[in-house]
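This report concerns only the one structure given below.
Any value given below was found using the heavy atoms of this structure, including those in side chains, with hydrogens, waters and symmetry copies removed.
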Amino acid sequence: MNIPEYNEIIEPNDQTEARREHLEKLREIVGNVYPNKFERSKITGEEDTITRIVVFATLVKNQHISKLTEGEKPSDEQREAANAELNQLRVRTAGRLAVPPRVMGKAAFVHLSDGVERLQIYVRKQDAKAINNDTRKIIEQENAAWELFNLLDHGDFIGVEGFLFVTKTGELSVHVETIQFLSKARFPMPDKMHDIADAEISRRYRYIDLIASSLRNKTDEELEEEKRTGVKKLTTREVFERRAKLISGMRRFLDDNGFIEVETPILTPKATGAAAEPFETYHNALDIKLYARIAPELYLKRLMVGGFEKVYELNRNFRNEGLSHKHSPEFTMLEFYCAYMDVNGMMDFAEAMIKESVRKATGGSLQVKYGESEIDFSKFERLTMKQAILKYSGFPMLDEILFESLANLRQLNAALLLTDLGKMEAGTAAGFTSATSDQELLKKSFEQRAEFVKENKNRLWKIAELFSVSEPDKNIAEENGITENEFEFIVRNIISEENDERKKAYIIEKSFEDYAENILGKIIQQTGKTIMKPTFITDYPKSISPLSKASPENPNVAERFELFICGMECANGFSELNDPQEQYERLIDQMKERETGDEEAMVLDEDYIRALSYGMPPAAGIGIGIDRLVMLLTNKHSIRDVILFPHMRPEKKNSTADDAKNAEEI
RNA sequence: GGUCCGAUAGCUCAGUCGGUAGAGCAAAUGGCUUUUAACCAUUGGGUCGAAGGUUCGAGUCCUUCUCGGAUCACCA
């Protein structure tokens with residue numbers, strides 16, 4: 001194994017060397033340069049963090065110094081009055097040097113930060129004493145504190161004791177009497193005026209990002225921008241604080257409503273409860289293959305069988321699939337179940353919960369800026385899938401095709417294949433959902449297809465029939481006016497082995513009805529991209545909702561909803577299927593789909609069927625994508641910006657020509 | 001996986017037509033006892049992501065690779 005030397009990790013340069021030398025000199029002055037503790041005072045009632053002192057003392061200061069305009073200094077009288085009171089307040093507090101020390105001959109200023117607030121300290125050569133970390137006593141040697149102070153670097157941790165005062169410019173400060181060295185920053189701090197610009201550094205080394213975001217000053221331009229737009233740009237730290245507030249808000253809401261928090265297995269013998277590729281692992285002692293869970297759903301419903309009427313789990317799920325700005329291989333979901341409730345009750349409940357926890361996260365507001373748009377969490381729309389497509393896709397003809405009859409669905413299917421042919425010839429390999437994010441293009445593409453279907457109704461009907469058998473006949477195709485080109489395209493793209501197995505499976509093995517429903521699912525996903533305001537989409541096709549109950553009104557429709565916000569799918573819920581016999585059959589259907597190529601169809605879990613057979617009350621359940629909700633609340637457009645340590649490809653430094661060659665050969 | 005964009009000092013960035021590697025901050029040294037992105041003076045700091053190629057000469061042009069971002073496809 002190649003174990004790097006310390007010097008390889010910290011990479012010596014003029015800056016790290018200077019800091020190392022400072023550390024050695026500090027050791028001579030204070031002894032132990034990494035002391036074990038520092039006790040803070042409690043004038044604020046609790047441990048005096050910098051934030052608490054700032055909040056507490058600012059109130060005192062403001063009693064004497066009325067709000068100053070920018071650049072304005074307090075009068076001598078105001079200052080004397082404030083200091084008369086503040087000087088009585090002795091504090092002991094600690095923090096990181098938020099700026100390089102500003103030394104002016106025989107006195108100096110520096111700001112300390114506790115990661116949230118910053119507090120200025122004033123060190124005067126003749127007043128300050130240093131603490132020896134070994135004896136914990138004041139060092140008698142003359143100017144020890146001043147020497148210590150001059151060995152401090154931007155980013156070091158120190159503890160200070162002294163009294164509060166207001167400077168000539170009106171800033172609250174600590175007049176330092178004793179100073180104690182606590183810890184060294186051996187790396188230079190990031191630019192004090194800029195965030196880490198390189199997204200790779202900020203995500204791979206989140207601690208640097210957090211330091212940079214908590215230590216830096218805002219530039220004048222940024223302050224102006226915030227004033228102008230009224231939107232505060234969150235620091236990295238604030239993003240994750242908001243995330244924590246959202247989660248605790250949700251927890252509290254559920255706890256207050258009688259839910260019990262549970263923990264179910266993360267390593268599971270079967271990866272099921274959702275349609276996704278799992279991560280595989282292996283348990284040596286048990287000698288079994290295990291999968292990281294893709295959803296906790298089936299375990300939570302076993303608990304409903306066991307008698308828990310309201311359960312929730314704040315769970316991390318793992319899906320071995322592609323990464324994108326809204327997909328992470330591990331992501332956090334809040335999943336909960338409520339007995340005797342149906343999908344409508346669940347929508348009401350989830351809406352109330354989301355509103356409440358959004359308020360908690362934002363500090364009261366239900367309106368948040370997201371990019372160019374504003375999300376209003378005070379109004380949740382509810383639309384059936386059909387209504388949503390009508391309203392948001394803007395393709396009235398599509399509606400005609402989709403909803404007139406099954407026959408039309410077949411035609412749509414065939415039409416889609418043929419219009420893809422056009423794309424194929426134009427040089428772009430594209431499938432049905434190849435539509436771009438460009439709404440005009442998307443619309444045009446749908447309209448062209450719809451037009452095409454209308455004009456070629458009879459012919460398409462025949463095409464649909466023709467290709468519903470496993471071995472389409474070229475001659476029959478020709479008789480029906482299908483050109484050789486078209487025939488070959490469809491065979492090549494739909495039937496032939498080397499191409500998309502799933503399409504083949506849909507066409508050959510499944511009924512057109514199911515295929516159409518799958519298309520519907522895809523269309524709603526596409527349509528969802530254009531849905532901005534919080535919207536529950538209901539009435540999903542049953543065939544793509546294997547764990548959900550059918551609607552009492554329509555056996556083909558599932559009592560299921562998905563919540564779309566700003567084009568993102570944020571929640572998925574339904575009336576839980578509790579008939580073990582039907583559940584068994586639905587999962588068997590899914591297994592068949594797996595065999596015919598759909599790798600992400602659901603896996604049958606026999607024990608779950610057994611559990612259901614003991615009886616589960618009628619219930620509704622929901623899974624809420626926490627990461628995505630946090631994205632919306634923090635105006636972040638990548639899921640990796642709301643995950644503290646997102647997964648990254650390992651770094652490969654100093655790759656050589658050989659590496660390049662090897663990579664080429666692979 | 002496809003397409004496009006990016007990688008230059010510790011940090012943020014500039015680098016024109018292919019012709020000596022730059023600025024601000026940070027660092028070092030000196031000055032300054034209430035500063036506010038402190039200031040003044042001086043100094044040091046570079047594998048220009050990696051490898052190869054074209055050229056008298058490459059940060060700049062070409063090829064390949066690495067990492068990251070955006071976007072599309074797949075998926076929640």
*Indicate, yes or no, whether a donor-acceptor pair under 3.5 Å links the base of B:C11 to the side chain of A:H194.*
no
*Just call it for A:Q120: base, sugar-phosphate, or nothing, with non-hydrogen atoms closer than 4.0 Å on any strand.*
base
*Apply salt bridge (charged side-chain N to carboxylate O under 4.0 Å, His left out) to the pair A:K301 and A:E576, showing each step before the final yes or no.*
CA-CA 9 Å; A:K301 285 194 277 195; A:E576 304 297 334; 2.5 Å; yes
*Options B:C75, B:U33, B:C67, nucleotide nearest the side-chain atoms of A:H327*: B:C75
*What integer distance in Å separates A:L215:CG from B:C25:P?*
19 Å
*Rounded to the nearest angstrom, tell me the gap between atom OH in A:Y205 and atom P in B:G68.*
11 Å
*Remember a base hit wins even if backbone is also touched, and classify A:R203 as base, sugar-phosphate or nothing at under 4.0 Å, heavy atoms.*
sugar-phosphate
*Spacing between A:L112 atom CG and B:U35 atom P, to the nearest angstrom*: 19 Å
_Distance, rounded to the nearest Å, where A:M104 contributes CE and B:G30 contributes P_ = 17 Å
*Assign each of A:I196 and A:F165 to its nearest nucleotide of RNA chain B by heavy atoms, then name whichever residue's nucleotide is nearer the 5' end.*
A:I196
*Which residue, A:F336, A:Y337, A:F574, forms the side-chain contact (heavy atoms from CB on, under 4.5 Å) with A:M346?*
A:F336
*Base, sugar-phosphate, or nothing for A:S638, non-hydrogen atoms under 4.0 angstrom?*
sugar-phosphate
*asked:* What's the gap between B:U34 and B:C13 when it is taken at their P atoms, as a whole Å value?
replied: 36 Å
*asked:* Taking any heavy-atom pair under 4.0 Å as a contact, classify A:H325: base, sugar-phosphate, or nothing.
replied: sugar-phosphate
*P-based separation of B:A37 from B:G52 [nearest Å]*: 48 Å
*Could one point to a donor on the side chain of A:Q126 or the base of B:U33 with an acceptor on the other under 3.5 Å away?*
yes
_Student check: side-chain heavy atoms of A:V642 and A:R628 closer than 4.5 Å_ = no
*Classify the side chain of A:Q15 and the base of B:G10 as holding, or not holding, a donor-acceptor pair under 3.5 Å.*
yes
*How is A:V103 classified with respect to the nucleic acid when contacts are heavy atoms under 4.0 Å: base, sugar-phosphate, or nothing?*
base
*Which part of the nucleic acid, if any, lies within reach of A:F187 when heavy atoms closer than 4.0 Å are counted: base, sugar-phosphate only, or nothing?*
nothing
*What about A:E569, does its side chain sit under 3.5 Å from the base of B:A76 through a donor-acceptor pair?*
no
*Round to a whole Å and report the spacing from CZ of A:R186 to P of B:G10.*
17 Å
*Taking only side-chain nitrogens and oxygens of A:R102, does any of them come within less than 4.0 Å of OP1 or OP2 of B:C39?*
no
*Whole-angstrom distance between B:C25 and B:U60, as gauged at atom C1'*: 26 Å
*Provide the Watson-Crick or G-U wobble partner of B:U3, both distances under 3.5 Å; none if there is no partner.*
B:A70
*Provide, to the nearest angstrom, the distance between the NZ atom belonging to A:K106 and the P atom belonging to B:U35.*
17 Å
*Judged by modelled atom types alone, do A:E562 and A:Y540 share a side-chain donor-acceptor pair under 3.5 Å?*
yes
_Integer angstrom distance from the P of B:G57 to that of B:U47_ = 23 Å
*If we take the C1' atom in both B:G2 and B:U8, what is their distance in whole Å?*
30 Å
*To the side chain of A:N13, which of B:A28, B:G24, B:G10 is closest?*
B:G10
*Among B:A27, B:G10, B:U35, the nucleotide that comes nearest once only the side chain of A:E171 is considered*: B:U35
*Between A:D209 and A:T236, do the side chains contain an N or O donor and an N or O acceptor separated by less than 3.5 Å?*
yes
*What is the distance, rounded to the nearest whole Å, between atom NZ of A:K25 and atom C1' of B:U29?*
11 Å
*asked:* I want to check a possible cation-pi pair here: A:R206 against A:F645, using under 6.0 Å from ring centre and within 45° of the ring axis as the test.
replied: no
_What's A:S328 touching, base or sugar-phosphate or nothing? Going by heavy atoms closer than 4.0 Å._
base
*Given side chains that start at C-beta, do those of A:L164 and A:V174 come closer than 4.5 Å, heavy atoms only?*
yes
*Given the P atoms of B:G31 and B:G45, what is the spacing between them in whole Å?*
24 Å
_Under 4.0 Å, counting only non-hydrogen atoms across every strand here, what does A:D198 touch: a base, just sugar-phosphate, or nothing?_
sugar-phosphate
*asked:* Within the 4.0 Å heavy-atom criterion, would you say A:N317 contacts the bases, only the backbone, or no part of the nucleic acid?
replied: nothing
*Going by distance alone, is a donor N or O of one side chain under 3.5 Å from an acceptor N or O of the other, for A:H111 and A:E171?*
yes
*Report the residue (A:R124 or A:M189) whose heavy-atom-nearest nucleotide on RNA chain B is the more 5′ of the two.*
A:M189
*Looking across every strand, which nucleic acid part, if any, lies under 4.0 Å from A:M648 by heavy atom: base, sugar-phosphate, or nothing?*
sugar-phosphate
*Looking only at side-chain N and O atoms, does A:K192 come under 4.0 Å of OP1 or OP2 in B:A26?*
yes
*Provide, to the nearest angstrom, the distance between the CD1 atom belonging to A:I121 and the C1' atom belonging to B:A38.*
16 Å
_Nearest-nucleotide pick for A:E200, side chain only, options being B:G68, B:A76, B:U12_ = B:G68
*Can you check whether A:F109 stacks with the B:A38 base, using ring centres under 5.5 Å and planes within 30°?*
no
*Could you tell me whether A:R20 atom CZ has more than 12 heavy atoms of other residues or ligands within 6.0 Å of it?*
yes
*Quantified in whole Å, what is the C1' atom distance between nucleotide B:A70 and nucleotide B:U54?*
32 Å
*Below 4.0 Å: OP1/OP2 of B:A70 and any side-chain N or O of A:H637*: no
*asked:* Rounding to an integer number of angstrom, what distance separates B:C17 and B:C39 when you compare their P atoms?
replied: 35 Å
_Opposite nucleotide pairing with B:G52, Watson-Crick or G-U, both atom distances under 3.5 Å_ = B:C62
_Side-chain N or O of A:R640 versus OP1/OP2 of B:G69: is the shortest distance under 4.0 Å?_
yes
_Options B:A76, B:A28, B:C11, nucleotide nearest the side-chain atoms of A:I201_ = B:C11
